[in-house]
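The structure follows.
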Amino acid sequence: MKIVLLGYMGSGKSTIGKKLADKIYHKFTDLDTYIENKEDKTIPEIFNEKGEIYFRKAEHKYLQEFLSENDSFVLSLGGGTPCYAGNMDIIINQNGVISFYLQASIPTLKDRLINNSSKRPLLASLSEEKVIEYIAKHLFERSVFYEKATHRITVNSKEIEAIVAEIRILLH
Ligand code: S3P
């Protein structure tokens, strides 16, 4: 199976992806980690040293590379991956891919991201108030891409196990 998880930063893509992959005996890949390994730099280093446009081009290149080299996986994307360079269309049109949009509310995302923004260059310099405004605007722009996923799963206060179970039911 080819399973892709997508959604905003903090929606739980990596945590859920790892759990799901374990349960169904598939290899798990986090696209951010894949990019970090290939570039031999962390995501914040890539943003700081090379800028966001470089990152978006690299993200596009490595997404295509990963999809062409693997035929059974659980892949978690970065929050912005579906929204640039035609990436969401590539995913939708890739033979056999089932994609899941992990949808979280703005308050849920704010609570998860506020204490954890240093790893996320797009949020690193924002105050709490600005983070809420930023997420709201960003989600509004990005939802049209996220909504192209095969399935949408609401996450918010659900347990990880429950989300994984929900995904597994949709895979049958
Ligand atoms: C980004 C999300 C990050 C990472 C980069 C940009 C975004 O991934 O790809 O910092 O544009 O939303 P996570 O969603 O895994 O934090």
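For ligands, and for the atoms within them, numbers begin at 1 and follow the listed sequence.
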Item to check | Nitrogen or oxygen of G79 less than 3.5 angstrom from that of ligand 1 | outcome: yes
Checklist entry - Which one of E36, E59, R56 has a non-hydrogen atom at the shortest distance from atom 11 (O) of ligand 1? => result R56
Next on the checklist: Are more than 12 heavy atoms, taken from residues, nucleotides or ligands other than N93, located less than 6.0 Å from that residue's CG atom?
Outcome noted: yes
Item to check | Identity and distance of the protein heavy atom lying nearest atom 7 (C) of ligand 1 | outcome: G80 N, 3.3 Å
Item to check | Ring-ring centroid check H151 F100, cutoff 6.0 Å | outcome: yes
Item to check | I43 neighbourhood, listing ligand 1 atoms whose heavy-atom distance to it stays under 4.0 Å | outcome: 5 (C), 10 (O)
Checklist entry - Taking heavy atoms and a distance under 4.0 Å, where does K13 meet ligand 1: side chain, backbone, both or neither? => result side chain
Checklist entry - Can you tell me if CD on E141 sees more than 12 non-hydrogen neighbours from other groups inside 6.0 Å? => result yes
Item to check | Nearest-neighbour protein heavy atom for atom 8 (O) of ligand 1, which is reported as residue plus atom name and distance | outcome: D32 OD2, 2.7 Å
Checklist entry - Any idea which atoms of ligand 1 are less than 4.0 Å away from a heavy-atom of R120? => result 16 (O)
Next on the checklist: Tell me whether the rings of Y8 and H138 are parallel (<30°), tilted (30 to 60°) or perpendicular (>60°).
Outcome noted: perpendicular
Next on the checklist: With a heavy-atom distance limit of 4.0 Å, tell me whether R142 approaches ligand 1 through its side chain, its backbone, both, or neither.
Outcome noted: side chain
Item to check | For K18, all residues meeting side chain to side chain contact (heavy atoms under 4.5 Å, CB included), sequence neighbours excluded | outcome: F28
Next on the checklist: Does D71 have more than 12 heavy atoms from other residues, nucleotides or ligands lying within 6.0 Å of its CG?
Outcome noted: no
Next on the checklist: Which residues pass the side chain to side chain donor-acceptor pair (under 3.5 Å) test with K130, not counting sequence neighbours?
Outcome noted: none
Checklist entry - For ligand 1, does L122 get within less than 4.0 Å through its side chain, its backbone, both, or neither, judged by non-hydrogen atoms? => result side chain
Item to check | Sub-3.5 Å N/O-N/O distance, Y8 and ligand 1 | outcome: no
